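Written below as structure tokens is the structure these notes are about.
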2 protein chains.
Amino acid sequence: MVTAVTNTEPRRRNRRGEGGKLREEIIAAAIALLDEGGDERAVTLRSVARKAGIAAPSIYAHFADQPSIMLAVVQQEMDRLAAALREADEKAGQDPRQRLFAVCNAYLDVARQHPQRYRIMFGGLWTPSVEDTSITDDELESLGAEALTLLADVLGACVGAGIAHDSDDLYGDAVALWLGLHGLAHQRAVVRKMPGPADVAERLITALAHLKSGSLEQG
Amino acid sequence: MVTAVTNTEPRRRNRRGEGGKLREEIIAAAIALLDEGGDERAVTLRSVARKAGIAAPSIYAHFADQPSIMLAVVQQEMDRLAAALREADEKAGQDPRQRLFAVCNAYLDVARQHPQRYRIMFGGLWTPSVEDTSITDDELESLGAEALTLLADVLGACVGAGIAHDSDDLYGDAVALWLGLHGLAHQRAVVRKMPGPADVAERLITALAHLKSGSLEQG
DNA sequence: GGAAGTAAACTAACGACTGTAAGTCTACGA
DNA sequence: TCGTAGACTTACAGTCGTTAGTTTACTTCC
């Protein structure tokens, strides 16, 4: 990840052929604005330019327009989310229950660590304006497809190990589980204090994965 | 509900003592902009004034500033949501299963009928700016409290009737169920096409309410 | 090593829109 | 007739996205 630029000196121009570096710095600046500022309205083309220490029109060499910046941010963070889920799954070992909770908690952690990013990833204001830009519906759908297949995979492992009740539609259950995680993650990202007990996450996961009761508890 | 004003003639001034009428018209105009326009950025103080057929500064007689309009919209729609849930519950009769699905489906219907309104209710951009304005955290939390207690009530009825597994924390289960519903409702409100099977709602409700398998099916 | 070409940025400016303040009109009701 | 609630007009300072034209400095070629 490119560290955010809080500029004072006039910024060294990139070498020839390294102009693409600025693209990453622009995305990093947009993310920095998102993280520190209240909402995505703080991420304007001009504010991004200020944050990156460049002149506003310089952005047009790398992005067609303002929504394109937001789109790039979303795509990058989607990749990071997918990578985090994969990594959590790999580190969890072979036990299906461990894998399930590892992946789900990783999802919730990513959302909790960067609430503002999570907000624009799923249901941010960039979505409508994207109609005019380059992204296709399929591209948009496939962004979360990897995460869903991973969830379905883990659910299948739970069923196979006999710790979850059998299912007629693993993918459907994966979608339902994801929707539950999303509901929790999104609500946490939006309100300052979540109502309800502390173990809501376990409740959601246990119920939506159809885990059989009386199993070991999750650490 | 006050019908939206699409003005051409110069608008009849309200009678003495009826100045409060304009307040409702302003809220209705904001909602109309929300429904027809893409996102909440279309709801500016000036656009609301245009829609209502009044001059922009006239709004300040009824609202302190622009976020206050959005806040009023959210509060009104929250009340409508709570009323819809109550009505669905009353119409469902006595059968706990019928009540459960009636209330949950009513929630999803409200969200589906007015996606943009749902978006600003839960996780809209008005939230951060509210810090400066009048609403308190408690007020914000209590907005959904009524819906949660209703859900917990219905869940308790299901347990009492023996169609749901016993629970140690009904309120916690109600929160989890609501989070699942919210995840589905929000995702539907945001994307154009929801991935996953058509019966995701039933899957979510059945799992999160801990309904015992082998019961009657839902019409 | 100096000249030239060009990538990578800049400055200046436009038109549009925003929220809000200050002061003014006007028609209803007593 | 007249006070005032309920509106209006005008205006300001600020920000936005974007276009047009200009400068700077790296790299390559003679």
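Remember, it's a predicted structure, so these values are computed and weren't measured experimentally. A note on names: the letters A, B, ... follow the listed sequences, proteins ahead of strands, and every chain is numbered from 1.
Atom P of nucleotide D:dT18 and atom CD1 of A:I69 are separated by 9 Å, given to the nearest angstrom. Remark: P of D:dG14 and CZ of A:R41 are 21 Å apart, rounded to the nearest angstrom. Protein atom CD of B:Q66 is 10 Å distant from nucleotide atom P of C:dT18, rounded to whole Å. Between the P atom of C:dG19 and the CD1 atom of B:I59 lies a distance of 9 Å, rounded to the nearest Å.
The side chain of B:Y60 places an N or O atom within less than 4.0 Å of a non-bridging phosphate oxygen (OP1 or OP2) of C:dT20. At C:dT18, one or more side-chain N or O atoms of B:R50 fall inside 4.0 Å of OP1 or OP2 (strictly under the cut-off).
Comparing D:dA20, C:dA21, C:dA9 by their nearest atom to the side chain of A:P57 picks out D:dA20. In this structure, of C:dC10, C:dT18, D:dT18, it is C:dC10 that holds the atom nearest to the side chain of A:A55. When each of C:dT20, D:dT19, D:dC16 is scored by its nearest atom to the side-chain atoms of B:D65, the top-ranked nucleotide is C:dT20. For B:S58, whose side chain is taken as the heavy atoms from C-beta onward, the closest listed nucleotide among C:dT20, D:dC8, C:dA9 is D:dC8. Side chain of A:I54, nearest nucleotide from C:dC10, C:dG19, D:dT18: C:dC10.
The pair B:D39-B:R119 does not meet the salt-bridge criterion, since no charged nitrogen lies less than 4.0 angstrom from a carboxylate oxygen.
Using the six-membered ring where Trp is involved, A:F122 and A:Y107 have ring planes that are tilted, between 30° and 60° apart.
Not counting sequence neighbours, the partners of B:R86 by the salt bridge (Lys or Arg N to Asp or Glu O under 4.0 Å) test are B:E146.
Heavy-atom distances to DNA chain C give each of B:A42 and A:R46 a nearest nucleotide, and the one nearer the 5′ end belongs to A:R46.
A side-chain contact (heavy atoms from CB on, under 4.5 Å) with B:L204 is found for exactly one of A:V175, A:L208, A:L177, namely A:L208.
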